[in-house]
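What follows is a single structure, written as C-alpha cells, with notes after it.
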Amino acid sequence: MKKKLSLMFVAFSALAILAGCEPLTIFDPKGPNAKTLSDTIILSIITMAFILLVVYVLLAFMLTKYRASKASADYEPPHEEGSHVLEIIWTVIPIIIVAFLAVVTVRTTSTVETTPEGYDNKEPLVIYASSSNWKWHFSYPEQGIETVNYVNIPTDRPIEFKLYSFGPITSFWIPQLAGQKYAMSDMLTTIHLAADEVGSFMGRNSNFSGRGFAEMEFEAQSMTQKDFDEWASDVKANEKPLTEEKFDELLKAEHVGRSSYSSTHLEFSPAPMEHSEHMKMGDMDHSDMNMSEKEMDHSKMDHGNHSDTEKNTEETHSH
C-alpha cells in the first residue's frame, strides 16, 4: 500500500511540475516552413503511436492466447510448420512504414529548402547571420545596418538568412519560424523562412559549442513592412557605424547585450563564399593552371624555334 501511495505521489508531482512548463513552440508555428515541419513531426508521432498500439494489442493477445496452461510436465505440444504468409507480412510492413516516412521526410526537406509557399513572387530580404562566442551578429546589406543578439524582420515577405560562424560550428534555430541549420566558418548556408503575423519569437543556438552556448539566445521580432522600414531608417540615422576595431572587440567578448549599428561588418570582413562558388573557383583555378601549362609549352616551343633560327644564322655567317 505504501509503495502504491509513493508511486502516486511521484506521478502527481511530475504532472504538477510539467503543468508549469512552457508549451513546445515547434507545435505553435507562425510561418509556412515552420508549419510544414510541425505537420511532419505530428504525422510521424501519429504513425509511431499507431505502430505501438498495434504492437501492444498483439502482445496482449499473444500473452493471453499462449499463456502457460495446467498441462503435465511431460506434455509436448504438436509440431507446427512456420507460416510463410506471416513471415511476408511482418517483413513487408516495416518496409512500407520506413518508405512512407522517408517519402514524407524528403518532400518536407525539399519544401523548406526553398522560398516559402505563397511568397514565390516576392523579393526576399537577405540577412547575414553570423555567430561568435557566444553571440549572434545580423547584417542587413539592403538597409546597411547591423544588430547584435536581436533581429527584426518584416511580415509577409520571404527571408533568407545566410549563415556562417566566426568560431566553432553553431546551429541557427527559430522554432516558430523555421527548422535549424548549421553555421560554419568556411562556407555559407541558407535558411528560408517567413512570418505570417506580428510577434516576438525566441531563437537560439541548438548545437553545443562551448560553455556559453546555453545563453546564446536572441529575439526575432516580426513587424509590418512599414514598422520595419521606420526601424531600419532610425538605426541608420541615429546609431554609430560599426568600425573594424569595434567589431574585433565584439568578437573577443564572450557575452554582450543588444546593440545596433549604422553599417555592417561585411564592408571590411566579407562573408565566406557559398560552396558552389568555391567549386566554381576551383574549376577556374584548374583551367587557369591548364592554360598556364599550355602557355609554358608554347613558349618553350617558340624559344626552341628561336634558338634553332639563331644557330642557322650563325652557321650562314661563318660560311
Side-chain angles (χ1 to χ4, degrees), residues 22 25 30 125-154 159-191 193 195 198-223 227-272:
E22 295 182 2
T25 53
K30 302 300 182 183
L125 172 64
V126 177
I127 303 174
Y128 286 81
S130 53
S131 62
S132 63
N133 293 339
W134 286 273
K135 67 195 78 70
W136 290 96
H137 312 261
F138 298 96
S139 306
Y140 297 76
E142 183 179 326
Q143 288 72 26
I145 60 176
E146 183 160 329
T147 62
V148 178
N149 287 337
Y150 82 98
V151 58
N152 290 345
I153 60 174
I159 311 296
E160 287 185 10
F161 280 101
K162 302 291 186 179
L163 312 175
Y164 63 102
S165 173
F166 284 99
I169 295 176
T170 55
S171 183
F172 182 87
W173 190 27
I174 308 176
Q176 290 182 274
L177 296 180
Q180 56 184 326
K181 183 167 285 190
Y182 288 118
M184 294 167 279
S185 60
D186 61 345
M187 63 180 289
L188 283 179
T189 54
T190 303
I191 190 166
L193 60 86
V198 173
S200 176
F201 317 105
M202 289 307 299
R204 59 178 60 89
N205 168 26
S206 60
N207 182 64
F208 182 80
S209 58
R211 64 182 181 275
F213 93 103
E215 302 174 23
M216 199 171 170
E217 297 182 338
F218 61 91
E219 181 186 13
Q221 186 173 359
S222 61
M223 55 187 67
D227 291 339
F228 175 80
D229 293 337
E230 291 178 355
W231 166 78
S233 299
D234 181 67
V235 171
K236 188 69 175 177
N238 299 318
E239 299 294 343
K240 296 180 179 179
L242 180 61
T243 62
E244 190 169 356
E245 292 76 16
K246 180 61 178 178
F247 185 65
D248 290 338
E249 291 179 9
L250 289 173
L251 292 181
K252 293 177 183 178
E254 293 191 352
H255 298 286
V256 298
R258 299 184 182 188
S259 56
S260 306
Y261 302 93
S262 58
S263 63
T264 76
H265 72 265
L266 300 175
E267 299 173 2
F268 49 81
S269 179

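Predicted, not measured: the structure shown is a model, and the values here were computed from it.
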Q. So, do Lys236 and Gln143 sit near enough that their side-chain heavy atoms are less than 4.5 Å apart?
A. no
Q. How long is the span from the OG1 atom in Thr147 to the CD atom in Gln221, to the nearest 0.5 Å?
A. 11.5 Å
**Q.** Shortest non-hydrogen contact from Pro272 toward Leu188
**A.** O-CG, 3.1 Å
(Q) Using 0.5 Å steps for rounding, measure from the CG atom of Leu177 to the CE atom of Met202. (A) 12.0 Å
Q: Look up atom CG in Asn133 and atom CG in Leu251, then write down how far apart they are to the nearest 0.5 Å.
A: 9.5 Å
Q: Starting at CD of Gln180, measure out to CD1 of Ile174 and round the result to the nearest 0.5 Å.
A: 12.0 Å
Q. Would you call the rings of Phe247 and His265 parallel, tilted or perpendicular if under 30° counts as parallel and over 60° as perpendicular?
A. parallel
Q.
Please find the pair of heavy atoms, one from Arg204 and one from Pro175, that lie closest to each other, and give the distance.
A. NH1-CG, 3.4 Å
Q: For the pair Ser222 (side chain) and Ile153 (backbone), establish whether a donor and an acceptor sit closer than 3.5 Å, ignoring hydrogens and angles.
A: no
Q: Going by the ring pair (Phe, Tyr, Trp, His ring centres under 6.0 Å) test, name the single residue among Tyr128, Phe161, Trp231 that passes it with Tyr140.
A: Trp231
Q.
I'd like to know if the side chain of Lys162 pairs up with that of Thr190 as donor and acceptor (distance under 3.5 Å, no hydrogens or angles considered).
A. yes
Q: Answer with yes or no whether the side chains of Glu219 and Ser200 bring together a donor and an acceptor at under 3.5 Å.
A: yes
Q.
I need the Lys240 NZ to Tyr261 OH distance, nearest 0.5 Å.
A. 9.5 Å
Q | Side chain Lys181, main chain Gly179, donor-acceptor under 3.5 Å | A | no
(Q) How close do Tyr182 and Thr189 get, counting heavy atoms only, and between which atoms? (A) O-OG1, 2.7 Å
**Q.** Any side-chain donor near an acceptor of the partner, Ser132 and His137, under 3.5 Å
**A.** yes
Q) Between the side chains of Ser233 and Asp229, is a donor N or O closer than 3.5 angstrom to an acceptor N or O? A) no
Q.
To the nearest 0.5 Å, what is the distance between CD on Glu146 and CG on Leu250?
A. 8.0 Å
Q) Can you name the nearest heavy-atom pair linking Ala183 to Ser165, along with the distance? A) O-CB, 3.6 Å
Q: Taking all heavy atoms of Ala129 and all of Phe172, pick out the closest pair and write down the distance.
A: CB-CE1, 4.1 Å
Q) Between Ser260 and Tyr150, does any side-chain donor sit less than 3.5 Å from a side-chain acceptor? A) yes
Q | 4.5 Å side-chain heavy-atom contact, Ser139 and Ile127 | A | no
Q: May I ask you to decide if Val148's main-chain N or O and Lys135's side chain share a donor-acceptor pair within less than 3.5 Å?
A: no
Q: Would you name the heavy atoms of Ser269 and Tyr164 that are closest together and state the gap between them?
A: O-OH, 4.5 Å
**Q.** Phe218 ring center within less than 6.0 Å of Trp136 ring center
**A.** yes
Q. Are Thr264 and Ile145 close enough that some pair of their side-chain heavy atoms sits under 4.5 Å apart?
A. no
(Q) Is it the case that the side chains of Ser206 and Ser171 hold a donor-acceptor pair, with the cut-off being a distance below 3.5 Å and no angle test? (A) yes
Q: Not counting sequence neighbours, list each pair that qualifies as a side chain to side chain donor-acceptor pair (under 3.5 Å) and has a residue in residues 243-254.
A: Arg211-Glu254
Q: With ring pair (Phe, Tyr, Trp, His ring centres under 6.0 Å) as the test, would you mind laying out the steps for Phe208 and Trp134 before giving the verdict?
A: CA-CA 11 Å; Phe208 182 80; Trp134 286 273; 9.5 Å; no
(Q) Between Asp227 and Met223 (side chain of the first, backbone of the second, donor and acceptor by atom type, cut-off under 3.5 Å), is there such a pair? (A) no
Q. Should we count CZ of Phe166 as having more than 12 external heavy atoms under 6.0 Å?
A. yes
Q) Among Thr170, Asn207, Asn205, which one satisfies side chain to side chain donor-acceptor pair (under 3.5 Å) with Ser131? A) Thr170
Q | Any donor-acceptor N/O pair, Asn152 side chain to Ala220 backbone, under 3.5 Å | A | no
Q.
side-chain contact (heavy atoms from CB on, under 4.5 Å), that's the test. Do Leu125 and Glu142 meet it? Break it down for me.
A. CA-CA 8 Å; Leu125 172 64; Glu142 183 179 326; 3.6 Å; yes
Q: May I ask you to decide if Leu242's main-chain N or O and Ser263's side chain share a donor-acceptor pair within less than 3.5 Å?
A: yes
Q. Going through the checks in order, is the side chain to side chain donor-acceptor pair (under 3.5 Å) test met by Ser262 and Glu239?
A. CA-CA 5 Å; Ser262 58; Glu239 299 294 343; over 6 Å; no
